[in-house]
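All remarks here apply to the structure that follows.
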Amino acid sequence: MLRNSVQRSFFSTSAAALAKTAKHDVVVIGGGPGGYVAAIKAAQLGFNTACIEKRGTLGGTCLNVGCIPSKALLNNTHLYHQIQHDSANRGIIVDNVKMDIVKFQAAKDKVVKELTGGIEMLFKKNGVTYYKGNGSFEGEHEIKVSPVPNGVEEEVILTADNIIVATGSEVTPFPGITIDEERIVSSTGILSLKEIPKKLAIIGGGIIGLEMGSVYARLGSEVTIVEFQPAIGASMDDEVAKATQKFLTKQGFKFKTSTKVLGATRNGDTVSVEVEGVKNGKKETLEADVLLVAIGRRPYVQGLNAEKIGLDVDKRGRLVIDNNFNTKFPHIKVIGDVTFGPMLAHKAEEEGVAAAEIIKTGHGHVNYANIPSVMYSHPEVAWVGKTEQELKQEGIKYKSGKFPFIANSRAKTNLDTDGFVKVLIDAESERILGAHIIGPNAGEMIAEAGLALEYGASAEDVARVCHAHPTLSEAFKEANLAAFSKSINF
């Protein structure tokens, strides 16, 4: 109710949002992490800026049906699982622990509502005009905003000197499998299940599949991951991926790698999944209460009308741009999931800032070699820079240093010692090339690795920085010490 009242107030005071035509310096199509950040930055740089979003709430997939709700579920199920299975080891006796699925989902929804509503307030604070509607190209400088429920009431034509396309991505469908968001679900439907499935089958062993598998495994589901590749983890370092599978197997996951999905059929309240071994051709049928299709995402251009002005699209459906985010028209830029690069919210945010700066000054930069990735399982997995297999493929001579959390004093006191830190450095210069962490708080710790990578630090540089004791970050220091010399505590 609060968000809606704020929204009505904002529209009532924004004459441009009610006009049939309007002129802006910059118009951003899409209000996700890339789009809303680009709009705010452009406004901060002095441009008359507008942002168009048709979802009804800002924040894109990430805030509405992606990063934020999934992390709420992951955090809360971790607490639940820890109370059930680990608290007694710490001398904390808790009886009759139960899960209230209604309140569990409500807690997630509350966080999403607060954050999406917060972006509307940021728009108002920075003077960004928000058009709630579907944006599509009418010409090289013209954008049509079509009405959507509770949005603009009539069609609006916007004229813009500069346009930034940030329409994001959508779930990649699996050929022959119909997603009904009840028994056969996507990464959206899995967030809002009304009951905990006894058996959950997941197609795809990437981050989305493993995170959602973690949520429901902690709630008691029997989780089976079906992955076409011989290993899970997609772009993870091979050693880290193997360790991740080992830890998740201990948590009750079942893995069927090198396995091809032939099809799936819903039979009332169950789903039958037909699979086949990639190497041996052996076929079998898996029975599940819910099937999650998590084979990735694809660029979203539906309704954009990009073909009307001839924007180039590559074989993967991505809008083609140059190094300054420009399409064939220099005043039309593209950022985020709808173009090249990893489909990550923070990558899109960096591009949003850079695109706005290029419009203002002609200069903007994103270091694509330093985009961190995080999987919020337990233990967490995070990495940045080169993997060991990439260095081997590129013929780069390197050294590595590792330090296990079992030798870290803070991890020991927390009774949370699974995993390790692994640092890869150039064999001659000892400059850090990549860092890989599997363990507690890996997603926070990877920021230090990113900073070191950005400034070209050597392993010795990091190892000679005084790290507070006792902290988990000491493991990162020790891994760097091990890379160029020898660790002290292992």
Interatomic distance, OG1@Thr57 vs NZ@Lys132, rounded to 0.5 Å, equals 7.5 Å

- Give a yes or no on this: more than 12 heavy atoms of other residues, nucleotides or ligands lie within 6.0 Å of atom CZ of Arg266. yes

- [ ] Inspect the surroundings of CZ in Arg318 and state if more than 12 heavy atoms from other residues, nucleotides or ligands are less than 6.0 Å away.
- [x] yes

Show which side-chain atoms of residues 340-351 pair as donor or acceptor with protein atoms under 3.5 Å away, not counting sequence neighbours.
unit_1, atom_1, unit_2, atom_2, d
His346, NE2, Pro372, O, 2.6
Lys347, NZ, Gly336, O, 3.1
Lys347, NZ, Phe340, O, 2.6
Lys347, NZ, Glu351, OE1, 3.2
Lys347, NZ, Glu351, OE2, 3.2
Glu351, OE1, Gly336, N, 2.6
Glu351, OE2, Tyr368, OH, 2.5

Under 3.5 Å, is there a donor-acceptor pair linking the side chains of [X] and [Y]?
| X | Y | result |
| --- | --- | --- |
| Thr116 | Arg55 | no |
| Glu53 | Tyr36 | no |
| Glu454 | Asn367 | yes |
| Gln105 | Lys108 | yes |
| Ser272 | Glu287 | yes |

inquiry  = Is the ring pair Phe255/Phe253 parallel, tilted or perpendicular, if the boundaries are 30 and 60 degrees?
reply    =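 The arrangement is parallel - the two ring planes meet at less than 30°.
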
Quiz item: What residue pairs, at least two apart or across chains, pass side chain to side chain donor-acceptor pair (under 3.5 Å) with a residue in residues 441-450?
Solution: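 Those involving residues 441-450 are Glu448-His467.
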
| task | Report yes or no: is the cationic atom of Lys260 (NZ for Lys, CZ for Arg) under 6.0 Å from the centre of the six-membered ring of Phe228, at an angle within 45° of the ring normal? | result | no

